[in-house]
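Worksheet: the structure to be examined is printed underneath.
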Amino acid sequence: MLNFQLSKEQEEIQAKYKDFVDRWVIPNRLKYDELAEFPWEIVKAAYREGIMNGVMPVEYGGHNFSLLDGAVASEELGAGCIGMGISIDANTLALTPLYVAATDEQKKKYFGLINEIQGVAAYCLTEPNAGSDVQGIKSLALKKGDKYILNGHKRFITNAEVSTFMTVFAQTDPEKGSRSLTAFLVPSDSAGIEFKPRLQKMGQKASVQNEILFHDVEIPVENRIGEEGHGFLIAMKTFDRTRTGVAALSVGNARAAYEIAKEWTKNRRQFGQPIASNQAIGFMLADMATKIECARLITWYAAWAYDFDKKKLNKLSAMSKLYASDIGMEVTTDAVQAMGGDGYSREFHVEKMMRDAKLCQIYEGTNQVQRVVISKSILKE
Ligand SMILES: Cc1cc2nc3c(=O)[nH]c(=O)nc-3n(C[C@H](O)[C@H](O)[C@H](O)COP(=O)(O)OP(=O)(O)OC[C@H]3O[C@@H](n4cnc5c(N)ncnc54)[C@H](O)[C@@H]3O)c2cc1C
């Protein structure tokens with residue numbers, strides 16, 4: 001039997017995140033959009049109120065969220081501010097390699113640490129010459145006794161300069177190349193780590209990114225996540241879990257822009273009638289509402305697949321990210337258009353939502369790469 005009803009617990013998660021967003025995120029979103037700084041006061045409040053680290057096991061301070069619980073939560077964060085939402089969700093991204101592949105001891109230590117100091121972690125995959133092509137990663141961690149010595153260059157790393165530790169992907173054997181890709185836990189204050197100045201960017205300004213240089217950074221062997229050579233699989237398993245989060249943030253952002261545009265076009269009168277009474281605008285609102293519903297459905301379906309139909313997960317999570325972030329861009333652009341000059345002004349926040357939407361089509365694999373994932377999957381079926 002099909003059931004589109006959230007459980008009582010999921011409704012409680014939705015209400016709790018919405019309440020947090022109403023009190024902390026919406027009142028501060030323009031401030032952080034202008035400051036372009038990491039929103040520490042919001043993240044600390046999120047820790048106090050049990051909003052952080054939902055994915056972590058309860059015994060390590062998390063909430064044992066299913067992927068669907070996480071999607072419900074991320075939609076509310078996205079409805080407030082994707083920039084702040086991704087500061088929180090990029091932490092989940094960085095913790096996910098631990099979730100999927102770490103030992104109990106590693107989980108206990110690093111989940112415990114991040115919770116105790118109420119910090120954030122960063123996920124370091126992308127390099128100057130390895131963006132979409134993850135197998136082009138050249139960072140090298142060579143084993144020497146009971147340590148690995150890491151040298152390399154990462155870029156576009158969210159939360160980097162504010163992180164407590166990073167999950168870093170590097171080769172361990174130049175001869176095996178990408179087949180030796182391996183994941184490591186690297187404390188961010190390790191000697192030899194250089195954070196370059198913060199990335200200046202179009203939107204999602206409440207999140208921060210840096211380039212990182214690793215110069216002979218020593219990593220104890222016990223900080224390796226999984227086996228040598230398992231890094232690519234761990235990175236892909238991570239994205240299978242986190243792409244629904246990006247999709248959900250996009251749905252929330254689109255929903256917020258649509259709601260503002262709907263109210264505005266109902267109240268704004270030109271030619272003696274509300275703007276929304278013009279079929280051109282009414283149809284625009286109808287398309288926005290339809291796209292949001294469809295995007296939410298594929299997102300929840302993909303999240304559901306993690307627990308109930310893993311065979312479909314890879315394809316569905318890529319589809320959810322592709323579809324939801326594309327409609328996120330369309331809906332926010334239409335919201336600006338429907339509101340004319342007011343849409344373009346800072347006052348109504350929809351121009352920020354449009355700028356924020358763009359990045360969801362790019363990070364965690366561009367939407368062209370999602371199509372590569374989907375086409376490979378359907379051609380194998
Ligand atoms: C603000 C921001 C935050 C980010 N945060 C993180 C993070 O926390 N951790 C992390 O590791 N990375 C992060 N990234 C990196 C992000 O995941 C990459 O930017 C993305 O994967 C694309 O890589 P690239 O920028 O090198 O583009 P490229 O790979 O150079 O791609 C350029 C263009 O070519 C297209 N293209 C590439 N290959 C193909 C193909 N086979 N078929 C069709 N088209 C193709 C792409 O879709 C894109 O349009 C972040 C990026 C940004 C901008």
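Ligands are counted one by one from 1 in listed order, and the atoms in each one are counted from 1 as well.
Applying the ring pair (Phe, Tyr, Trp, His ring centres under 6.0 Å) test to every pair with at least one member in residues 122-157, sequence neighbours left out, gives these pairs: Tyr123-Phe169, Tyr123-Phe239, Tyr148-Phe184.
Of the possible polar contacts, one joining the Ser66 side chain to the Asp69 backbone as a donor-acceptor pair under 3.5 Å is found.
Proximity of Arg371 to ligand 1, defined as any heavy-atom pair under 4.0 Å, is not found for any part of the residue. In Val369, neither the side chain nor the backbone holds a heavy atom less than 4.0 Å from any atom of ligand 1.
When the options Lys205, Glu41, Gln204, Glu37 are evaluated for a side-chain hydrogen bond (donor to acceptor under 3.5 Å, both in side chains) with Tyr32, the one that passes is Glu41.
Under 4.0 Å is where a charged nitrogen must lie from a carboxylate oxygen, and between Lys109 and Glu105 no such pair does. A salt bridge between Arg198 and Glu161 is present, with a side-chain N of the basic residue lying under 4.0 Å from a carboxylate O of the acidic one. The pair Lys16-Glu49 fails the salt-bridge criterion, with no side-chain N (NZ, NE, NH1 or NH2) lying under 4.0 Å from an Asp/Glu carboxylate O. Contact check on Glu76 versus Arg255 returns a salt bridge, with a Lys/Arg side-chain nitrogen under 4.0 Å from an Asp/Glu carboxylate oxygen. Ion pairing between a basic and an acidic side chain is recognised when a charged N comes within 4.0 Å of a carboxylate O; Glu59 and Lys108 show no such pairing. Between Asp240 and Lys237 no salt bridge is recorded (no basic side-chain N to carboxylate O distance below 4.0 Å). Classification of Asp19 and Arg23 as a salt-bridged pair holds, one side-chain N sitting under 4.0 Å from a carboxylate O.
For atom 32 (C) of ligand 1, no protein heavy-atom neighbour is present inside the 4.0 Å cut-off. When distances from atom 40 (C) of ligand 1 to the protein are checked, no heavy atom turns up under 4.0 Å. Protein heavy atoms come within 4.0 Å of atom 20 (C) of ligand 1. Within the 4.0 Å cut-off (strictly below), a protein heavy atom is located near atom 3 (C) of ligand 1.
On a distance-only criterion, Ile157 and ligand 1 share no N/O pair closer than 3.5 Å. Some N or O of Gln368 is nearer than 3.5 Å to an N or O of ligand 1, by distance alone. Residue Val372 places no N or O, backbone or side chain, under 3.5 Å from any N or O of ligand 1. Not one N or O of Tyr363 is nearer than 3.5 Å to an N or O of ligand 1, by distance alone. Checked by distance only, ligand 1 and Gln209 stay at 3.5 Å or farther apart across all their nitrogen or oxygen atoms. When only interatomic distances are considered, the shortest N/O to N/O separation between Lys201 and ligand 1 does not fall below 3.5 Å.
The option from Phe169, Phe156, Phe239 that lies nearest to atom 13 (C) of ligand 1, judged by heavy atoms, is Phe156. With atom 1 (C) of ligand 1 as the reference point, the heavy atom nearest to it among Ile362, Leu359, Asn367 is part of Leu359. Considering only non-hydrogen atoms, atom 28 (P) of ligand 1 lies nearest to Ser132 out of Gly365, Ser132, Ser163, Gly131.
In terms of the salt bridge (Lys or Arg N to Asp or Glu O under 4.0 Å) criterion, residue partners of Arg296 (sequence neighbours excluded) are, by chain and number, Glu75, Glu293.
Ser180 and Thr182 get closest at one heavy-atom pair: O-OG1, 2.8 Å.
Nearest to atom 9 (N) of ligand 1 among the protein's heavy atoms is Tyr123 O, 2.8 Å. Of all protein heavy atoms, the one lying nearest to atom 10 (C) of ligand 1 is Thr126 OG1, 3.3 Å. At the top of the distance list for atom 17 (O) of ligand 1, counting protein heavy atoms only, stands Glu364 N, 3.6 Å. When hydrogens are left out, the protein atom nearest atom 8 (O) of ligand 1 is Thr158 N, 3.0 Å; that is the closest non-hydrogen contact. Shortest contact from atom 46 (C) of ligand 1 to any protein heavy atom: Thr366 OG1, 3.6 Å.
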